[in-house]
Amino acid sequence: MLYRLLDNARDRAARALGEAYRSSGPGGTFQARVEREVTAAEQARRLAQLSAAEHGLCFGRIDVPASPPSPGGKPSRPSPGRSAPSTLYIGRIGLRDDDHEPRLIDWRAPAARPFYAATPSDPNGLIRRRHIYTRNRTVTGVDDEVFDLEKLPEADRRTLSGEAMLIAGVTAGRTGRMTDVVATIQAEQDRVIRAPLPGVLVVQGGPGTGKTVAALHRAAYLLYAHRRTLERRGVLVIGPNATFLRYISQVLPSLGETEVVLASVGELFPGVSAVPDGNPQAAVVKGGLEMVTVLRRAVRDRQRVPEGDLQLSADGVPLTVPRETCLGARDRARALRKPHNVARRLFVTEMLGALAAAEAAALGRTLDPDDLPYARARLWDEPEVRAALDALWPPLTPQRLVAGLLAEENALRSAAPGLTDTERAVLLRPGAPDAWTVADVPLLDEAAQLLGTDDSAERARRRAADAQRRLEERYAAEVLQITGVADQGLVDAATLAEANRDPGQELTTAERAWADPSWAYGHVIVDEAQELSAMAWRMVMRRIPTRSLTVVGDVAQRSSAAGARSWGEMLDTYVRGRWREQRLTVNYRTPAEIMAVAADVLAWVAPEEKPPESVRDEGAAPRAVAGLDRAAAVVAGELAEMGTEARLAVIAPGARIGELARALPGAVPGDRADVLDSPAALLTVAQAKGLEFDRVVLADPAGILAQSPAGGHDLYVAITRATHRLTVVHDGPLPEVLHRLCACR
């Protein structure tokens, strides 16, 4: 019945979309064209949502007491002597029948909340909760949880069935992509998903607690519950790297939401493709807020005046501008408190005026004020004049400013007197100053704010567009006059001109947001947020002036030395006293045997943190294999035991990746786009962030501990990527913190 309703709804949307396209010609009033475009966009979005709901359309049912009647469906036939409970079916979208009665409740609707929130201690008014398994359009099984057996009719008692759907989901083989968990959301995850929109929500949770998937479902929920607010501005999801974004890329589309922008920190500055940071010390320096002052000084250092008088020639005429005049022009431009490239307009205009006066004096003439604009324009066309003024107050791009700092020791020393010689040394890379790393991106973003954009060309473009619009309206008025329509009052010239103007390609909210670096989003979700430096947080906050964020992470999994040691350390600067924390405590991914090993590491690196509690045992203890030269044999054995749908990861310190790539030619390195689709992946800890695999072979744990100041945190991350089995391959003695591992020969 539900799939029939889905098919009918899809047919109606397809017909409406086709009719909108067929009627989208140039004719009709401007209002009619706008209405057709809005209708087409809405029907296209609805059709996409209906198509996305095909798999797993209905996954749950809740039974509530018969009185009062539920708005979600008609009650079942009552058993003799007993009132039947009312039934609500829960699914990916909401569907109504021909009588407009709700037959399927959208999982995000308030009526569906008890399905996720009910617990044995607080059933939320439910008699029964049922999980429904389907394959394609066939029900393959059900799983019942009864909260009040006395209120359940006898016929329903005889059909009870139970097999934990959650355990079935977490023990299933990995596919290389994160899937939605809309059917298995747990109560503490549901509290995250349905938390109010305003303010900053911090979701703190250990490995396997479902932080990421809860945050993505929160994005879908917010777009459902606050669509009018968020549809215009969109939602931005920030992840740690491109591999992670590919891993989660299918979750929101499967929930029918496409108006979401996914980006890593390294992608937040348009036009720059950043690589991971290879120097942890440089990343720490670049991540500190001291870099704001460094960049401000660097900008002021580029606003120069000559040592003496400015002397040059234009068209063979020698010109001299006193140094005091140059100083006055610079100081007045600075006093505007405008970005560098915007204030440059005043400096250049004043200097051209001074040069025009000097030219008139050299030729023995009096400069007429009416001739001043023409004299300035003519002088600006002189190459020597333009070169001299560009040298004093150059037009700058963020890339040019930051690359100049990283390439020139004197420039860095002048702009950063507060840094030590060692700190300046780790920043300098004169051989490749524009080889951008992730830590450079917040610097570029900060520089963009300090420099601004000279909008003279944009203002000229707008003036030209206004002039063109006036011409079109004049032509339209003449057409109306010639045809005799003008006197009928049916349409005015402006409307006719607008109706015949080509609007160009219509962009979605997500497309417009991605193309505009100054876009302010309606909500921002930051995953693996503990890795962001203080400078990175400044960059994020510029994109969300309303401070409506979901911050997801685990301070115990912090790998970056520039990252957060506490949430207050990063957030109090922006929302002191206005952020709230929700903790996730249950580990659905990592078996108890592996988590016991991870707990020892956690107690060592973050003793104040409590490990999440695993919901299951795997029955296979993690093992240690001596000899890194045996890694190939270990991987081959694991792959032979795994099913075709399972995934394996070899996680190793960065210094060992090349060696292991030669020994494991079948393992796809983490910097390749197809890494998620291969049976075996070869990853650094940073590349494994946020991912999960059926089996993990952890190579050289001592090397992971030694590779950075946060090596213990890295080891904790690496151990907790496995959903079934962990094998540690090592040279030399195992680190003492891994004493629980079962040694195998």
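It should be emphasised that the depicted structure is a prediction, and the values quoted were computed from it without experimental measurement. All heavy atoms count here, side chains included; hydrogens, waters and symmetry mates do not.
Residues Arg623 and Thr727 bring a donor and an acceptor atom of their side chains to less than 3.5 Å of each other.
Residues forming a salt bridge (Lys or Arg N to Asp or Glu O under 4.0 Å) with Glu593 (at least two apart in sequence, or on another chain): none. Take Ala534 and apply the side-chain contact (heavy atoms from CB on, under 4.5 Å) test, not counting sequence neighbours, and it matches Leu289, Met570. Partners of Glu581 by salt bridge (Lys or Arg N to Asp or Glu O under 4.0 Å), not counting sequence neighbours, listed by chain and number: Arg583. Not a single salt bridge (Lys or Arg N to Asp or Glu O under 4.0 Å) links Lys211 to another residue, sequence neighbours left out. Contacts of His713 classified as side chain to side chain donor-acceptor pair (under 3.5 Å), with partners at least two apart in sequence or in another chain: none. Residues satisfying the side-chain contact (heavy atoms from CB on, under 4.5 Å) test with Leu705, not counting sequence neighbours, are Trp604, Leu715, Pro735. Checked against side-chain contact (heavy atoms from CB on, under 4.5 Å), Leu245 has the following partners two or more places apart in sequence or in another chain: Ile248, Leu262, Ser264, Glu267. Listed by chain and residue number, Asp600 satisfy the salt bridge (Lys or Arg N to Asp or Glu O under 4.0 Å) test with Arg740 (two or more places apart in sequence, or in another chain). With sequence neighbours excluded, the residues that form a side-chain contact (heavy atoms from CB on, under 4.5 Å) with Pro611 are Met595, Ala599, Leu602.
More than 12 heavy atoms of other residues, nucleotides or ligands lie within 6.0 Å of CD in Glu569, so this atom counts as buried by the packing criterion.
The two residues Ile93 and Gln49 have their closest heavy-atom pair at CG2-O, 4.3 Å. Across every non-hydrogen atom of Ala718 and Ile704, the tightest pair is CB-CD1, 4.4 Å. Residue Ala263 comes nearest to Leu268 through the heavy atom pair CB-CD2, 4.0 Å, listed as atom of the first residue, atom of the second, then distance. Residues Gln687 and Gly670 approach most closely at OE1-CA, 3.6 Å, considering heavy atoms.
Here the side chains of His724 and Met642 are not in contact, with every heavy-atom distance at 4.5 Å or above. A heavy-atom distance below 4.5 Å is not found between the side chains of Glu609 and Tyr716. The side-chain heavy atoms of Ile193 and Trp107, taken from C-beta on, include a pair separated by under 4.5 Å. Taking the side chain as every heavy atom from C-beta outward, Trp436 and Gln399 approach each other to under 4.5 Å. Put simply, the side chain of Arg191 does not reach to within 4.5 Å of the side chain of Tyr116, judged on heavy atoms. For the pair Ile657/Leu683, no side-chain contact is recorded, criterion being any heavy-atom separation below 4.5 Å from C-beta on.
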Evaluation steps, side chain to side chain contact (heavy atoms under 4.5 Å, CB included), between Met539 and Val265: CA-CA 9 Å; Met539 178 172 60; Val265 171; 3.7 Å; yes
Worked verdict on His217 versus Val251 for side chain to side chain contact (heavy atoms under 4.5 Å, CB included): CA-CA 8 Å; His217 285 68; Val251 175; 4.1 Å; yes
Intermediate values then yes/no, side chain to side chain contact (heavy atoms under 4.5 Å, CB included), Arg543 and Asp445: CA-CA 11 Å; Arg543 284 148 178 82; Asp445 198 69; 2.9 Å; yes
Chi angles and distances behind the side chain to side chain contact (heavy atoms under 4.5 Å, CB included) call for Leu406, Asp440: CA-CA 10 Å; Leu406 302 180; Asp440 295 324; 4.0 Å; yes
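A donor-acceptor pair under 3.5 Å is absent between the side-chain atoms of Asp617 and the main chain of Gly619, judged by distance alone. Under a 3.5 Å cut-off, the side chain of Arg92 and the backbone N or O of His55 do form a donor-acceptor pair. A distance-only check finds a donor-acceptor pair linking the side chain of Arg429 to the backbone of Ala432 [under 3.5 Å]. At least one donor-acceptor pair closer than 3.5 Å links the side chain of Asp731 to the backbone N or O of Leu628. Judged by distance alone, with hydrogens and angles left aside, the side-chain atoms of Ser678 form a donor-acceptor pair with the main-chain N or O of Ala680 at under 3.5 Å. The closest donor-acceptor contact from the side chain of Arg108 to the backbone of Arg218 lies at 3.5 Å or more, if one exists at all. Checking side-chain atoms of Glu618 against main-chain N and O of Thr590 turns up no donor-acceptor pair under 3.5 Å.
Within the structure, the side-chain hydrogen bond (donor to acceptor under 3.5 Å, both in side chains) test picks out the following pairs touching residues 276-285 (sequence neighbours left out): Asp277-Thr437. Pairs engaging residues 659-675 under the side-chain hydrogen bond (donor to acceptor under 3.5 Å, both in side chains) rule: Arg656-Glu659, Arg672-Asp674 [sequence neighbours left out]. For the side-chain hydrogen bond (donor to acceptor under 3.5 Å, both in side chains) condition, the pairs that include at least one residue of residues 551-561, sequence neighbours left out, are Gln204-Asp554, Asp554-Gln557, Gln557-Arg721, Ser559-Lys689, Ser559-Asp714.
In this pair, Phe59 and Phe115 present their aromatic rings tilted. The plane angle is within the 30 to 60° band.
Between Asp694 and Arg647 there is no salt bridge, since no side-chain N of the basic residue sits under 4.0 Å from a carboxylate O of the acidic one.
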